[in-house]
*Asks:* 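Got a structure for you, written out below as structure tokens; questions coming shortly.
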Amino acid sequence: MTSEAPIIRGMGHSVKRKEDPRFLRGKGHYIDDFKLPGMLYMDIVRSPYAHARIVNIDASKALALPGVLAVITGKDLDAAGLAWMPTLMSDKQMVLPVDRVVYQSQEVAAVIATERYIAADAITLVEVEYEPLPPVMDPHKATDPDAPLVRPDRDAKTNHIWHWEAGDAARTDEVFQNAEVVVKQDLYIPRIHVCSIETCGCIASYDKIDGKLTVYMTTQAPHAIRTVFSLVSGIPEHKIRIISPDIGGGFGGKVPVYPGYVIATVASLQTGLPVKWIEDRSENLQADSFARDYHISAELAAKKDGTMQALRVKTLADHGAFDAAANPSKFPAGLFSIITGSYDLQAAHVEVDGVYTNKPSGGVAYRCSFRVTEAVHTIERLVDTLALALSLDPADVRMKNFIPPEAFPYKSPTGWEYDSGNYPAALQKAMAKIDYAGLRREQAEKRARGELMGIGISTFTEIVGAGPSHTFDILGIKMFDSCEIRVHPTGSAIVRIGVQTQGQGHETTFAQIVAEELGLPVENITVEHGDTDTAPYGLGTYASRSTPTAGAATAVAARKIRDKAKKIAGHLLEVSPDDLEWQDHKFQVKGAPGRSVTMKDIAFAAYTNFPQDVEAGLEAVDYYDPPNLTFPFGAYICVVDIDRGTGMVKIRRFVAVDDCGNIINPMIVDGQIHGGLTMGMAPALLEAITYDEYGNIQQSNLMDYLLPTAMETPVWETDKTVTPSPHHPLGAKGVGESATVGAPPAIANAVVDALSHLGVTHLDIPITPWKVYQILEAHGAAEA
Amino acid sequence: MTTQHVQMTINGQPYAADIEPRLLLVHFIREVANLTGTHIGCDTTSCGACTVLVNGVPAKSCTLFAVQMDGAAISTVEGLEQNGALHPVQEGFFEEHGLQCGFCTPGMMMTAVAFLAQNPNPTDDEIRRAISGNLCRCTGYVNIVKSIQYAAKKQREAQTAPAAPAEPAEAIR
């Protein structure tokens, strides 16, 4: 018996995406595309005040409007014990307020109507009487003795939420005391919003006859939502089905449970009809969870020759009115302690204090693994600050301080064990690709002519793939992930995974993993996800964890199938399984490559001709608990030109050398990096959410909140090095957020570099034309 | 609520309905004609997810009333595929990985179709300017520009040699 090896297109192939044909034809199924029989529509009344007491809500005029069925208020929910819900960070959050609002645009009441337009009309008819209270808008004043209390519901009568620290304070102080050089920099990483092009929404559909609640929801973590919904509502978990359909971008913004989901569910439970809630863009920008908002004060101790020795960081974190960050439970400041970055330091100590303010809850990711962006920005700015203070080249300072390739696995001073890395190789590759030496010569010539050109470097280390269950959980649920594979008799397969795509291409890449491991053609493998009734339990897709966790589960599940397949192969070839080897995607007899069977042959036999001591069928499940996180890294170099007439920063070139270990689909990885770089450029140059002193948001639509268009976005130049993860079954690491994490300091460093001869040592992001122009004008460098 | 009669064609099919004058074109397309490929992203004409062609010209259907379209010919993403063959722009987005979550893609492609009709041999910069009213949060635009160039090339080749259109490298199922 001999069989030709099939063309499988597994690991490393730029397989075109399986999900594209439906999207290209306008046949995707996004949340607002579903229309269920009898469906009602919900719209939400929101607060005009950042902080106010609710004196009265009069819904009579709204209820008199034909088509309006109900107006739901906090008092209604309170009667059912649902006015508050738990957050992922062991805080609680108002679903609807009973007596006070704590941020502008907070949900105050919900209207249920037969039509979308009627619901929108009716919210204007709900009369709410407010008594405004002074808001806490400046986090630096949140803990002042006379500061108004944002959360009087808590036992602790303070706006301070928690203190968190990592590293060794005494050791760090000791190094600082003896340091030859100390550089210090305050940084503000502003509040931003992921602003996926699809907003959030849901359709809650409760079937009163069989008692089953189905919620179609824009969520990145359907299983965790099911469990939380069951715990909060008391509905048995097998009577709840969460379906995460096609998602129009997530980036972390679709991890939290927003009040709208819960109110729509209550409305469906009450009416027994499906209730649809779709946010509009202003609601999305004003009320959904925000990212960043870290006020950082950082110091770096070093020798005069540029050797970095210790890092000391204090941070004030503005969490808004509820601590509704989406971090693992034990990490209130996320993985901020990755802040020592790619550098071999003797000591580090990092502290974060979280405070409440009268803003929407913050601390959700913006395409970033749990506060890694804030950490990377801090250390990468500090390296440049040190280089500038010592008149050293920032590339040289980095090369001098990199954790050497032979030092991996490397234990960082804040306790992480980096799995693998080769930082000098990545930086050398980036410098060669962009001609770093040539750029420095060009810069010197231009500077002599009065032209403003800057070169910025970022050599970041990411930390993704939460996580080992001994350390990482969300509300007690350990952060494993899962895969179930069933191979059909004719040699095709269905794969179900515990993670969920929002554009990352899981339907393609997870099929490639199975193709590689089982030797089945990729086109014969279907990947399903996002439906809790069918997919195995998983924690969802965020923080670049899909490949490190569910990707590993998929490889391991496939290998379980291969182990069984080997027994069947031995039966078919009439040899002991021990005499078989897996070669060229088929089993062959050792020393007799002419005698072989493919997985297709074996699959058929698994249902028609299996040995007596083997169960029928060919399927496996794996719940993978990673032994460690993965640590992708990269070296980015950015070249900017600054217009002296406008202050406009133009990115002329941007070279990104990324290392995410072994690559499943190079085309998709490249696409992820392009997108990540753009979402790194966005907060560096354009995006920020700000408030006035009364708590009014100043960017509540896309005319004020500036997303990058194709005009500002440069032609990204990507390249790679490959340093496999030693502990991941495929040698892979996560990649979706590397570029978002790594890009902002490269851009900021380039702008500071362009202006350093004017005495500029730091600029907070976003670096807007107005900010730059003011500096140019102050230094007489602006063009009239 | 008073209603008004409106008729238009969408992708060549006639649609007529009595609708509220305030009904937005995008809601007419999505909920009266049940063509949900046209998406809503911002409500303020900023993001372009709702872009359709009105008599061949790109328009953002979230800020047009359906009654303004009486007698108009509307084209949406669902009309791009003809006789089982994808439009070169659709093919380009597939070949060059011009989409990720797919939400902005229909509007982006409609803008591209109209643009290439005006400028069949564009530079990359001209493409970037043409799509600057369509926001994409996933791709960073690099591959979208490549996708549109792919389509431009394919359309130019079809102009010069109309006989046998080249098959894409990989079947689009």
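Naming convention: chains lettered A, B, ... in sequence-line order (proteins, then strands); numbering from 1 in each chain.
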*Asks:* Please check: side-chain N/O of Gln100(B) versus main-chain N/O of Gln504(A), any donor-acceptor pairing under 3.5 Å?
*Replies:*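 Side chain of Gln100(B) to backbone of Gln504(A): no pair is present.
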*Asks:* Please report the C-alpha distance between Phe251(A) and Cys138(B) in whole Å, then the side-chain angles of each, then the deciding distance to 0.1 Å, and finally whether the side-chain contact (heavy atoms from CB on, under 4.5 Å) criterion is met.
*Replies:* CA-CA 9 Å; Phe251(A) 313 115; Cys138(B) 296; 3.8 Å; yes
*Asks:* Go through Pro106(B), Cys136(B), Ser132(B) and name the one with the most non-hydrogen pairs under 4.5 angstrom from chain A.
*Replies:*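 Greatest number of close heavy-atom pairs with chain A: Ser132(B).
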*Asks:* SG/Cys47(B) to CG/Asn701(A) distance, rounded to the nearest 0.5 angstrom?
*Replies:*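 Output value for this atom pair is 12.0 Å.
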*Asks:* Between atom CG of Asn284(A) and atom SG of Cys42(B), what is the distance when rounded to the nearest 0.5 Å?
*Replies:*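 Those atoms lie 11.0 Å apart.
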*Asks:* Salt bridge check: are Glu31(B) and Arg116(A) linked by an N-O gap of less than 4.0 Å?
*Replies:*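 So Glu31(B) pairs with Arg116(A) through a salt bridge.
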*Asks:* At what distance, to the nearest 0.5 angstrom, does CD of Glu19(A) lie from SG of Cys101(B)?
*Replies:*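 Output value for this atom pair is 11.5 Å.
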*Asks:* Atom CD of residue position Gln118(B) - does it have more than 12 heavy atoms of other residues, nucleotides or ligands inside 6.0 Å?
*Replies:*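 Count not over threshold, so no.
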*Asks:* Using modelled atom types only, decide if a donor and an acceptor are shared between the side chain of Asp20(A) and the backbone of Leu99(B) within a distance under 3.5 Å.
*Replies:*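 A pair under 3.5 Å: no.
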*Asks:* Chain B heavy atoms under 4.5 Å from Glu198(A): which part of the residue, side chain, backbone, both or neither?
*Replies:*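 Glu198(A) touches chain B through backbone and side-chain heavy atoms alike.
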*Asks:* So for Pro708(A), is it side chain, backbone, both, or neither that comes closer than 4.5 Å to the heavy atoms of chain B?
*Replies:*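 The answer is both parts of Pro708(A).
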*Asks:* If I measure from the heavy atoms of chain A, does Leu23(B) come under 4.5 Å with its side chain, its backbone, both, or neither?
*Replies:*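 Both backbone and side chain of Leu23(B) come within 4.5 Å of chain A.
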*Asks:* Non-hydrogen atoms of chain B under 4.5 Å away: do they reach the side chain of Met703(A), the backbone, both or neither?
*Replies:*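 Both backbone and side chain.
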*Asks:* Checking heavy atoms, do the side chain of Leu677(A), its backbone, both or neither come under 4.5 Å from chain B?
*Replies:*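 Neither part.
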*Asks:* Take His39(B) and Ile197(A) through the test side-chain contact (heavy atoms from CB on, under 4.5 Å) and record every step on the way to the result.
*Replies:* CA-CA 9 Å; His39(B) 298 145; Ile197(A) 304 296; over 6 Å; no
*Asks:* Less than 4.5 Å to any heavy atom of chain B: does that hold for the side chain of Ile668(A), its backbone, both, or neither?
*Replies:*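 Contact with chain B is through both the backbone and side chain of Ile668(A).
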*Asks:* Nearest 0.5 Å please: distance from the NE2 atom of His29(A) over to the OG1 atom of Thr36(B).
*Replies:*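 With rounding to 0.5 Å, NE2 (His29(A)) is 6.5 Å from OG1 (Thr36(B)).
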*Asks:* Does atom NZ of Lys35(A) have more than 12 heavy-atom neighbours, drawn from other residues, nucleotides or ligands, at distances under 6.0 Å?
*Replies:*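 Check passes, neighbour count above 12.
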*Asks:* For the candidates Arg281(A), Glu712(A), Met667(A), which exhibits the highest count of non-hydrogen atom pairs separated by less than 4.5 Å from chain B?
*Replies:*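 When all of Arg281(A), Glu712(A), Met667(A) are compared, Arg281(A) has the most.
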*Asks:* So that I know where these two stand, are Tyr141(B) and His674(A) an aromatic pair - ring centroids less than 6.0 Å apart?
*Replies:*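 Not under 6.0 Å, so no.
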*Asks:* Picking from Met109(B), Glu91(B), His87(B), what satisfies side-chain contact (heavy atoms from CB on, under 4.5 Å) with Leu24(A)?
*Replies:*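 Exactly one pass, corresponding to Met109(B).
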*Asks:* Need one label for Ala682(A): side chain, backbone, both or neither, based on atoms under 4.5 Å from any heavy atom in chain B.
*Replies:*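 Answer is side chain: those atoms of Ala682(A) sit under 4.5 Å from chain B.
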*Asks:* Any donor and acceptor pair, going by atom type alone, linking the side chain of Arg25(A) with main-chain N or O of Gln90(B) inside 3.5 Å?
*Replies:*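 Flag not set: sc Arg25(A) to bb Gln90(B) has no pair under 3.5 Å.
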*Asks:* Picking from Thr501(A), Asp670(A), Ile278(A), Asp32(A), which has the most non-hydrogen pairs under 4.5 angstrom with chain B?
*Replies:*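 Top count of heavy-atom pairs under 4.5 Å with chain B: Asp32(A).
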*Asks:* Measure the CG-OG1 distance between Asp43(B) and Thr199(A) for me, rounded to the nearest 0.5 Å.
*Replies:*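 Going from the CG atom of Asp43(B) to the OG1 atom of Thr199(A) covers 8.0 Å.
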*Asks:* Quick one: do Thr139(B) and Gln672(A) satisfy side-chain contact (heavy atoms from CB on, under 4.5 Å)? Show the steps, please.
*Replies:* CA-CA 7 Å; Thr139(B) 66; Gln672(A) 288 290 305; over 6 Å; no
*Asks:* Does any backbone or side-chain atom of Asn34(B) lie under 4.5 Å from a heavy atom of chain A? Answer side chain, backbone, both or neither.
*Replies:*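 The side chain, not the backbone.
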*Asks:* So, are Arg137(B) and Glu687(A) salt-bridged, with charged N and O less than 4.0 Å apart?
*Replies:*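 Judged by the 4.0 Å cut-off on N to carboxylate O distance, Arg137(B) and Glu687(A) do form a salt bridge.
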*Asks:* Let me confirm one number: the NZ-CD distance from Lys16(A) to Glu95(B), rounded to the nearest 0.5 Å.
*Replies:*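 Those atoms lie 5.0 Å apart.
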*Asks:* For Asp280(A), is it the side chain, the backbone, both or neither that has a heavy atom under 4.5 Å from a heavy atom of chain B?
*Replies:*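 Both the backbone and the side chain of Asp280(A) come within 4.5 Å of chain B.
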*Asks:* Find the one option among Glu20(B), Arg22(B), Glu78(B) whose heavy-atom pairs under 4.5 Å with chain A are most numerous.
*Replies:*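 The residue among Glu20(B), Arg22(B), Glu78(B) with the greatest pair count is Arg22(B).
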*Asks:* Taking every heavy-atom pair that is under 4.5 Å apart, which of Thr709(A), Thr678(A), Leu702(A) has the most such pairs with chain B?
*Replies:*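 Ranked by contacts with chain B, first place is Thr709(A).
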*Asks:* Measuring heavy-atom distances to chain B, does Asn665(A) have an atom under 4.5 Å in its side chain, in its backbone, in both, or in neither?
*Replies:*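 Answer is neither: Asn665(A) stays 4.5 Å or more from chain B.
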*Asks:* Can you tell me which portion of Tyr117(A) sits under 4.5 Å from chain B's heavy atoms? Options are side chain, backbone, both or neither.
*Replies:*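 Contact with chain B is through both the backbone and side chain of Tyr117(A).
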